[in-house]
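Each remark here refers to the structure printed beneath this line.
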Amino acid sequence: MKNSPSGSADGHVTVVGAGIVGTCSALYLQRQGFDVTLVDRDGPGEGASSGNAGSLGVASIPPGSMPGLIWKLPGMMTDPLTPLAVDRLYMLRSMPWFMRFMWNSRRAKVERIADARNALLSRIFEGYQPLIDDAGAEDLIAHQGKLHVYERADGLARSAYALEMRRRRGVEVREMNGDEAREMEPALSPIIKGAAFFPGVHTVLNPLRLVQDFAEHFVRRGGTLLREAVRGFEIGADGPSRMITDAGGHDVDKVVIAAGAWSKTLAKQMGSNPPLEAERGYHNMITDPGIKIGTSITSNERYVVLTQMEHGLRVSGIAQFSGLHSEPDYALADRVLENARVVVPSLEGKVDSKWSGPRPSLPDSLPIIGPSPRYPKVYFAFGHDHVGLAAGGITGKLIGELVAGRPTSVDLTPYRADRF
Ligand SMILES: Cc1cc2nc3c(=O)[nH]c(=O)nc-3n(C[C@H](O)[C@H](O)[C@H](O)COP(=O)(O)OP(=O)(O)OC[C@H]3O[C@@H](n4cnc5c(N)ncnc54)[C@H](O)[C@@H]3O)c2cc1C
């Protein structure tokens with residue numbers, strides 16, 4: 001990598017995907033001095049980044065695959081209460097992914113994954129604050145904490161390992177009984193027997209607007225935003241030389257693949273075959289829900305999340321494995337709502353909109369952030385599963401540093417592409 005005498009990097013970088021990860025990467029590349037083109041077939045943030053639950057989750061350290069999962073998973077695949085929905089036809093195709101996922105539930109591995117997740121999640125604001133300040137987006141961040149609620153009397157005890165895993169890594173956790181939880185959130189049902197409050201978890205009040213504000217700032221700073229679908233790349237001896245889109249083609253120098261759940265095909269063209277699955281989630285938006293909540297609420301047994309957004313209450317959940325190109329099944333959004341109404345019975349109001357989008361998920365609950373093993377001018381930034389909003393800012397910072405040839409703020413070894 002060549003750096004200019006002033007210390008700022010020069011050259012051109014093309015970032016594919018204007019979700020939260022690609023947009024933050026584009027902004028940090030600009031800050032490093034690169035000329036940057038950000039390309040997305042839709043508007044910025046319109047993939048998974050638009051519909052998430054808004055949580056800047058320092059507490060999301062436990063990976064998806066935890067000790068004991070191997071015994072629970074078969075039941076989860078059939079129990080309508082759980083968030084897991086596996087399409088029967090797709091089950092066979094996703095089996096290798098699930099085998100790897102379960103293999104990662106060994107305690108020693110879980111601890112290593114938790115460290116690597118924490119290395120990103122403990123730096124949420126290190127990544128975001130400069131971007132939020134630059135874009136003037138502070139009004140989108142609510143510092144209100146997150147409440148995990150339990151219906152089972154032994155819920156907290158059963159979560160002891162996951163809670164302790166967070167505490168050991170510096171996350172503040174306040175355990176409370178059902179009455180204390182209802183004092184905090186009066187809308188909670190009497191069936192709630194206990195809760196864990198995470199005061200350090202903050203909320204983005206409109207994740208789509210956050211990406212849009214960032215993208216506008218990127219353009220104001222001289223970045224090029226293209227609304228084109230990338231079909232592939234012409235590959236020369238040194239790697240990609242031209243990007244082919246539905247609108248024609250563009251010469252490329254350095255390339256960052258940040259296309260969320262759609263990254264696999266593009267990564268394949270770059271010589272990698274990451275085991276990336278689309279883990280589809282759903283939400284309902286209710287403008288007039290008849291309740292007011294002061295913190296984001298997650299039901300530990302029903303895996304639904306209630307978040308007060310700037311434009312209404314968002315009720316989200318579900319992890320559906322049915323392939324990236326399957327049609328959404330909005331009955332699953334209804335299931336999310338039914339479960340939320342058990343936790344917060346006074347939740348009413350008409351659903352204004354339903355949404356579905358794919359989390360980009362790898363079986364070890366860690367993203368790929370790093371250079372392509374094959375082409376030195378290609379970089380990967382995808383696979384952030386349930387924490388892409390939280391980790392988007394710091395991922396962008398790391399990509400900026402990496403492409404500029406500078407030491408990275410976090411050791412990137414756990415996120416390398418060739419670990420699979
Ligand atoms: C219901 C739900 C709740 C969630 N809650 C949270 C939460 O509370 N906190 C949290 O941290 N995370 C949460 N997540 C996860 C988070 O939303 C994702 O991890 C994150 O949005 C991924 O961002 P991304 O930029 O990698 O992908 P995306 O936002 O999906 O962006 C990828 C972009 O690439 C573009 N693209 C793809 N292929 C091409 C192509 N060939 N050409 C051009 N453009 C292309 C797409 O149009 C898209 O805009 C949630 C997810 C869901 C579904």
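Whatever order the structure lists ligands and atoms in, that order sets their numbers, starting from 1. Just so we're clear, the structure is a prediction, and the values are computed from it rather than from any experiment. Residue numbers count from 1 along this sequence.
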Inset, instruction - Could you tell me the residue and atom name of the protein heavy atom closest to atom 7 (C) of ligand 1, and the distance to it rounded to 0.1 Å? - result: S55 N, 3.6 Å
Legend entry - Nearest protein heavy atom with distance in Å, relative to atom 43 (C) of ligand 1: R41 N, 3.3 Å
Inset, instruction - May I ask you to decide whether E172 forms a salt bridge with R174, counting only side-chain N to carboxylate O separations under 4.0 Å? - result: yes
Legend entry - Mode of R280 contact toward ligand 1 - side chain, backbone, both, neither (heavy atoms, under 4.0 Å): neither
Legend entry - Closest approach of any protein heavy atom to atom 49 (O) of ligand 1, naming residue and atom: D40 OD2, 2.6 Å
Legend entry - Where ligand 1 meets D385 - atom numbers and elements under 4.0 angstrom, heavy-atom basis: 15 (C), 16 (C), 18 (C), 19 (O)
Legend entry - Close-contact set for ligand 1 against V387 heavy atoms, below 4.0 Å: 10 (C), 11 (O), 12 (N)
Inset, instruction - Ignoring angles and geometry beyond distance, decide whether G43 reaches within less than 3.5 Å of ligand 1 through its nitrogen or oxygen atoms. - result: no
Inset, instruction - Return a yes/no value for I20: is any of its N or O atoms, backbone included, closer than 3.5 angstrom to an N or O of ligand 1? - result: yes
Inset, instruction - Kindly confirm or rule out an N or O of G45 lying under 3.5 angstrom from an N or O of ligand 1. - result: no
Inset, instruction - Run the numbers for me: atoms of ligand 1, each under 4.0 Å from some heavy atom of W262, listed by number. - result: 30 (O), 37 (C), 38 (N)
Legend entry - Contact atoms of ligand 1, heavy-atom distance to G357 under 4.0 Å: 53 (C)
Legend entry - Options R359, E46, K264, ranked by nearest heavy atom to atom 1 (C) of ligand 1, top entry: R359
Legend entry - Sub-4.0 Å heavy-atom approach of E279 to ligand 1: no
Inset, instruction - Look only at interatomic distance and state if V21 has a nitrogen or oxygen under 3.5 Å from any nitrogen or oxygen of ligand 1. - result: yes
Inset, instruction - Give a yes/no on ligand 1: does A229 have at least one heavy atom closer than 4.0 angstrom to it? - result: yes
Inset, instruction - Specify the protein heavy atom at minimum distance from atom 32 (C) of ligand 1: its residue, its atom name, and the distance to 0.1 Å. - result: A259 C, 3.5 Å
Inset, instruction - Provide the number and element of each atom of ligand 1 under 4.0 Å from a heavy atom of G47. - result: 29 (O), 30 (O), 49 (O)
Legend entry - Distance-only N or O hit between ligand 1 and Y282, under 3.5 Å: no
Legend entry - Contact check: A53 vs ligand 1, nitrogen or oxygen atoms, below 3.5 angstrom: yes
Legend entry - Contact check: S49 vs ligand 1, nitrogen or oxygen atoms, below 3.5 angstrom: yes
Inset, instruction - Evaluate the ring planes of F321 and W97, with Trp represented by its six-membered ring, and classify them as parallel (under 30°), tilted (30 to 60°) or perpendicular (over 60°). - result: tilted
Inset, instruction - May I ask you to check if ligand 1 and V230 share an N or O to N or O distance below 3.5 Å? - result: yes
Inset, instruction - Check ligand 1 against D42 and write out every atom of the ligand that is under 4.0 Å from a heavy-atom position of the residue. - result: 47 (O)
Inset, instruction - Mark up the atoms of ligand 1 that fall under 4.0 Å of a heavy atom belonging to A390, in ascending order. - result: 10 (C), 11 (O)
Legend entry - ligand 1 contact on H386 by region, counting heavy-atom pairs under 4.0 Å: backbone
Legend entry - Flag for T287-D352: side-chain donor and acceptor within less than 3.5 Å: yes
Legend entry - S356-Y330 side chain donor-acceptor pair, cut-off 3.5 Å: no
Inset, instruction - Among all protein heavy atoms, pick out the one at the shortest distance from atom 50 (C) of ligand 1; state its residue, atom name and that distance to 0.1 Å. - result: N52 CB, 3.2 Å
